[in-house]
Amino acid sequence: MDKNMFCFQCEQTIGCSGCTGNSGVCGKTADTAKLQDELTGALIGLARAVDSTTAVSKKTSQVIIKGLFTTVTNVNFDNASIESMIQKVRAEKERLAPDCSKCQSPCGKTDEYDMQQLWNADEDTRSLKSLILFGIRGMAAYAYHAAVLGHEDDEVNLFFCEALFKIGYEENTETLLSTVLKVGEINLKCMALLDKANTETYGTPEPTEVTLTVEKGPFIVVTGHDLKDLQLLLEQTSGKGINIYTHGEMLPAHAYPFLKKFPHLKGNFGTAWQNQQKEFDHLPAPILYTTNCLMPPKSSYADRVFTTEVVAFPGTVHIDEKKDFTPVIEKALELGGYKEDQILTGINGGTKVTTGFGHAAILSHADTVIKAVKSGDISHFFLVAGCDGAKPGRNYYTEFVKQAPSDSVILTLACGKFRFNDLDLGEIGGLPRLMDIGQCNDAYGAIQVAVALADAFECSVNELPLSFVLSWYEQKAVCILLTLLHLGIKNIRLGPSLPAFLSPNILNFLVENYGIGPITTPEEDIKTLQSGCVQ
């Protein structure tokens, strides 16, 4: 493939086919894309060095998970940082197979993989391998967050090696398809692991109203997904007269009892990640990026961007593993914040949002929900969830929620909810019609709710009056979609466009076996999806 670069892993890829020029839609340069390919090829070589062991060491797992996470969209734009990660992967392979580099008759067993072989493969093989690769990249993010909190799983860690091995060296379509579905199976375990890590560390999320008003005085905006970084920042800013505001996927942090105890965790600033260049423009406060969702910062606020963990951008200050947030704190005090309180709003003009309707919170009202369904007070559940993005057509999700019948309940999660989470949809039986389950990884909670309802009504999830209407942008959405397919959930609506990496044959397989389809119009999709066995 004779291109400056090739990348089609996100929803906004150019022409719904692939970014091939000097830079991608996300902002990464062709050089960065090539380094990410080199890193992936090195990871496949490392996976081969692990060979057929029944367990992977903690050190090896950490390198693989961090390496995969580094290649997720909008995470790392810094070539030096990626080059350093490549060297760490090679060093780990050398530690596992020291004789390979000295061998006089190399067999190629632990060679790095040339990603051009994948991008130039026949379209069905490329499609299946891309589903596996992008799925484990997303899953690596969840495994990373769980590991930060001291939770790991041997089966999850070993599967990363298995999947990488097959990306590089498996050609059988049937085997690759089986591995695609196994990504969904293992990701379910990974999301359960992270759910356990979060709740054991910070408590069970509680329904919580969050203000969008920013008080006067110094403040820091924290974006991303990593609750541990937020905790450390809250501890280091305690008593310093600095308020903390979440942004994007960090919003659900307000629902965790441990984090709620910090009085200077005040509210949420802004909306979803794709609006940051507008919302952060001349912001009188620093922004701390803890995971992906970093857009190349504008000059008007570049001097107040701080990154940590695997996030990196050239010229910004990076907070290393020592987690000393002093530079962020000093910048907040220097900038001073707003002179007066700022009454800000969501996309639809609302001044507050609610989060914290995790599976424990919803299922604590299971009797009320079941009674409302049986009485006809609740006609349908719609899970309207996923990643947001800047591509035209995403207002579909706002209109879908607005047009959903008044006797339906909207479950939501991830940053796609910012399209409508400031709407007041009222209540049914004392329960809000709009329930924010949490971050993208909290799709695990939505699954637990669906399974519990299916058990209560003695039917399958597919027979429930429950429909999945998903928006996607990057690789974490891919692994969640594969988990839903692993569970046999059918008739999912996906948009605003279908993945460019799905070949016609693989797409046809998903349509025939799972009924997956593109979104159309809110009116047509609501009409089509409103069905279920429960009376």
Side-chain angles (χ1 to χ4, degrees), residues 43 47 50 52-56 61 64-65 68-69 72 127-147 151-168 170 172-197 359 383 385-386 413-414 439-452 454-455 460-462 466 468 470 472 474-492 494 499 501-502 506 509-510 512-516:
L43 286 166
V50 172
S52 57
T53 58
T54 56
V56 185
S61 295
I64 290 174
I65 289 169
L68 285 169
F69 192 5
V72 170
S127 184
L128 290 170
K129 288 189 175 185
S130 294
L131 277 167
I132 296 167
L133 175 60
F134 302 156
I136 63 172
R137 283 177 174 177
M139 186 168 72
Y142 299 146
Y144 186 94
H145 296 315
H151 290 250
E152 297 185 60
D153 183 282
D154 290 341
E155 185 178 9
V156 171
N157 291 342
L158 187 60
F159 179 71
F160 282 119
C161 296
E162 176 188 334
L164 284 165
F165 186 96
K166 289 183 178 178
I167 291 165
E170 179 60 66
N172 182 277
T173 299
E174 191 172 306
T175 301
L176 289 172
L177 183 57
S178 175
T179 305
V180 166
L181 295 177
K182 190 172 180 181
V183 173
E185 175 189 355
I186 301 300
N187 183 60
L188 181 62
K189 294 178 182 292
C190 191
M191 288 195 298
L193 180 72
L194 181 53
D195 180 80
K196 180 181 180 182
H359 56 95
L383 179 69
L413 53 87
Q439 295 182 340
C440 53
N441 53 280
D442 290 313
Y444 172 78
I447 291 168
Q448 298 310 301
V449 171
V451 170
D455 289 344
S460 71
V461 170
N462 288 316
L466 168 66
F468 294 76
L470 308 180
W472 81 283
E474 42 89 335
Q475 297 75 66
K476 284 180 283 184
V478 175
C479 65
I480 291 171
L481 177 63
L482 295 182
T483 292
L484 296 177
L485 299 183
H486 157 71
L487 293 170
I489 293 174
K490 297 184 177 182
N491 301 317
I492 296 169
L494 185 65
F501 48 82
L502 290 180
I506 301 307
F509 172 84
L510 296 178
E512 289 184 352
N513 289 275
Y514 299 97
I516 193 169

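The first residue in the sequence is number 1, and the count goes up from there.
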[atom2] on [Y] to [atom1] on [X], rounded to 0.5 Å:
X: Cys479; Y: Tyr142; atom1: SG; atom2: OH; answer: 5.0 Å
X: Met139; Y: Ile65; atom1: CE; atom2: CD1; answer: 8.5 Å
X: Lys476; Y: Phe69; atom1: NZ; atom2: CZ; answer: 5.5 Å
X: Leu413; Y: Leu383; atom1: CG; atom2: CG; answer: 5.5 Å
X: Leu133; Y: Gln475; atom1: CG; atom2: CD; answer: 8.5 Å
X: Lys490; Y: Asn513; atom1: NZ; atom2: CG; answer: 7.5 Å

Non-hydrogen side-chain atoms of [X] and [Y] separated by less than 4.5 Å:
X: Ser61; Y: Phe160; result: no
X: Leu131; Y: Leu177; result: no
X: Asp195; Y: Asn441; result: no
X: Lys196; Y: Leu193; result: no
X: Leu466; Y: Val449; result: no
X: Ile132; Y: Leu176; result: yes

* Step by step, would you call Leu181 with Leu482 a side-chain contact (heavy atoms from CB on, under 4.5 Å)? -> CA-CA 6 Å; Leu181 295 177; Leu482 295 182; 5.6 Å; no
At their closest point, which heavy atom of [X] faces which heavy atom of [Y], and how far apart are they?
X: Gly386; Y: Ala414; answer: O-CB, 3.2 Å
X: Ala143; Y: Cys190; answer: N-SG, 3.5 Å
X: Leu470; Y: Leu484; answer: CD1-CD1, 3.7 Å
X: Leu164; Y: Ala47; answer: CB-CB, 3.7 Å
X: Val72; Y: Gly138; answer: CG2-N, 4.5 Å

* To do: Check the pair Ile480, Met191 against side-chain contact (heavy atoms from CB on, under 4.5 Å), reporting the backbone distance first and the verdict last.
  => CA-CA 9 Å; Ile480 291 171; Met191 288 195 298; 4.1 Å; yes
* **side-chain contact (heavy atoms from CB on, under 4.5 Å) assessment of Leu481 paired with Ile516** => CA-CA 10 Å; Leu481 177 63; Ile516 193 169; 3.9 Å; yes
* To do: Report the residues that fulfil ring-ring contact (aromatic ring centres under 6.0 Å, His included) with Tyr514, sequence neighbours left out, ordered by chain and then residue number.
  =>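 Scan of Tyr514 (ring-ring contact (aromatic ring centres under 6.0 Å, His included), adjacent residues dropped) gives none.
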N/O donor-acceptor pair under 3.5 Å between [X] side chain and [Y] backbone:
X: Asn187; Y: Thr483; result: no
X: Lys129; Y: Glu170; result: yes
X: Thr179; Y: Thr175; result: yes

* Show the numbers, then the answer: is there a side-chain contact (heavy atoms from CB on, under 4.5 Å) between Tyr444 and Leu194? => CA-CA 9 Å; Tyr444 172 78; Leu194 181 53; over 6 Å; no
* Kindly indicate, with the supporting measurements, whether the criterion salt bridge (charged side-chain N to carboxylate O under 4.0 Å, His left out) is fulfilled by Glu162 and Lys166. => CA-CA 6 Å; Glu162 176 188 334; Lys166 289 183 178 178; 3.5 Å; yes
